[in-house]
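Structure, as structure tokens:
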Protein chains: 2
Amino acid sequence: MHGNHQHAHCIEEAITTANRICDERGLRFTDLRRRVLELIWENHGSAKAYDLLENLGGDYSAKPPTVYRTLDFLQENGLVHKINSLNAYVGCSHPLKHKDCFFLICSACNEVEECCGSSVAEALRSMASEQNFRPDHTTLEIEGRCVDCLKASQ
Amino acid sequence: MHGNHQHAHCIEEAITTANRICDERGLRFTDLRRRVLELIWENHGSAKAYDLLENLGGDYSAKPPTVYRTLDFLQENGLVHKINSLNAYVGCSHPLKHKDCFFLICSACNEVEECCGSSVAEALRSMASEQNFRPDHTTLEIEGRCVDCLKASQ
DNA sequence: TCTATAATGTTATATTATTACATAACCGCA
DNA sequence: TGCGGTTATGTAATAATATAACATTATAGA
Ligand SMILES: [Zn+2]
Ligand SMILES: [Zn+2]
Ligand SMILES: [Zn+2]
Ligand SMILES: [Zn+2]
């Protein structure tokens, strides 16, 4: 992300995928929803609801419920995740193969990386089963420094 | 917790430990701080800041900064944790041996159990090192049903 | 076209948290 | 004991985040 990547691709792919998902599920990927998703994807950081609100200029004289409803829709359909420790929202990096995700949040560059599955999920599963706890939803957000920022600070 | 436990013990122990910790560290465990910690420990659920505020009746004509400052102090000293997914606060169940904790939150009875260490922490550590990410702080909050509520619903 | 439903607009308000500055309590020391 | 710096608390205002309730508009089918 830090590096030289063509971020327009990321946005475009996110929008295309969202469009396809909505089509498949008989949902409407409206202008507003597309626009909000684009704004969230403007970079690989997280977006705050009221910043989205501000940036929905032009045709959209948006007010809070507009944005929060749109965020709800996007979250319900796995296109966006809320980062509770930041009160902010990120685009889902792989809305199709979705399972046991967690987030690495760099406090230096503010990028958020969504990670999946693997041994962490397994450890969580077995911990829960030992405790006889039935998990419905897991919030796992790890704040620290990403590899690029660590390198840069050396 | 659900069961027949003498909850007064929990409160008392939490206060005693907090007192000791503050003593050892040259910190002042004031009336206000003690009172807020007691309120947080009134049960094994989580407490909202504005509920604490309301319940600080009597001598305390508390206003938001009073409570938030007190919560900050308690958090900084490991006596209380914030549950980000609930915007609420829980008493730390083991402020002395603190390391890699996470929370099991029952959506039926609202109790929050603080768990520690073990294989989950190990999995997180090795994941982070694979990703070359240096974690500073981890938010791990698992919402679901506790064993007692599962039994009760059968 | 008509109608039911889904989406968005609008106003108001609830909830959560912080800033900035004033006052009071406490502690070490003359 | 009284002084002076530091820490803690009080107070007023406001910022930041989120929802409730109801009105209007757009859409998809019959
Ligand atoms: Zn995702
Ligand atoms: Zn970074
Ligand atoms: Zn703890
Ligand atoms: Zn329970």
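Worth saying up front: this structure is predicted, and the values here are computed from it rather than measured. A, B, ... follow the sequence lines: proteins, then strands. Residue 1 opens every chain.
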> Atom CZ of A:Phe29 and atom P of C:dA7: how far apart are they, to the nearest Å?
Replying inline: 13 Å
>> Please report the distance, rounded to the nearest Å, between CD in B:Gln75 and P in C:dT18.
In response: 10 Å
> When the distance from CZ of A:Phe73 to C1' of C:dA7 is rounded to whole Å, what number comes out?
Replying inline: 10 Å
> Does a distance-only test, which skips hydrogens and angles, find a donor-acceptor pair under 3.5 Å between the side chain of B:Tyr50 and the base of C:dA14?
Replying inline: no
> Where each residue is assigned the nucleotide of DNA chain D containing its nearest heavy atom, which of B:Thr66 and A:Leu86 is assigned the position nearer the 5′ end?
Replying inline: B:Thr66
>> Would A:Arg33 and A:Phe73 count as a cation-pi pair here, with the cationic atom under 6.0 angstrom from the ring centre and within 45° of the axis?
In response: yes
> Judged by modelled atom types alone, do B:His7 and B:His9 share a side-chain donor-acceptor pair under 3.5 Å?
Replying inline: no
>> Is B:Lys48 close enough to C:dT16 that one of its side-chain N or O atoms is under 4.0 Å from OP1 or OP2 there?
In response: yes
>> Rounded to whole Å, please give me the gap between CG in B:Leu71 and C1' in C:dT18.
In response: 13 Å
>> I need the CG-P distance between B:Leu56 and D:dT11, as an integer number of Å.
In response: 13 Å
> How close or far is atom C1' of D:dA16 from atom CD of A:Glu54, stated in whole angstroms?
Replying inline: 12 Å
>> Please determine whether a side-chain nitrogen or oxygen atom of B:Arg28 lies at a distance below 4.0 Å from atom OP1 or OP2 of C:dA25.
In response: no
> Between D:dT9 and B:Tyr68, is there an OP1 or OP2 to side-chain N/O distance shorter than 4.0 Å?
Replying inline: no
>> For D:dA16 and A:Asn87 - does any side-chain N or O of the residue sit under 4.0 Å from the phosphate oxygens OP1/OP2?
In response: no
> Expressed in angstrom and rounded to an integer, what is the separation of A:Leu32 atom CG from D:dA26 atom P?
Replying inline: 14 Å
>> Here's a test of your reading of the structure: between B:Arg69 and B:Tyr89, which maps to the more 5' nucleotide of DNA chain C?
In response: B:Tyr89
> Is B:Asp72 paired with B:Arg69 through a side-chain N to carboxylate O contact shorter than 4.0 Å?
Replying inline: no
>> By nearest heavy atom, map B:Pro64 and B:Leu27 onto DNA chain D; which one lands nearer the 5' end?
In response: B:Leu27
> Does B:Lys63 place a side-chain N or O at less than 4.0 Å from the phosphate oxygens OP1/OP2 of D:dG10?
Replying inline: no
>> Can you confirm whether more than 12 heavy atoms, excluding those of A:Gln6, are under 6.0 Å from its CD atom?
In response: no
> How long is the line joining CZ of A:Arg34 and P of C:dT8, in whole Å?
Replying inline: 12 Å
>> For a quick test of reading the model: is some side-chain N or O of A:Thr30 closer than 4.0 Å to OP1 or OP2 of D:dA26?
In response: no
> Are A:Asp31 and A:Arg34 within salt-bridge range, i.e. N to O under 4.0 Å?
Replying inline: yes
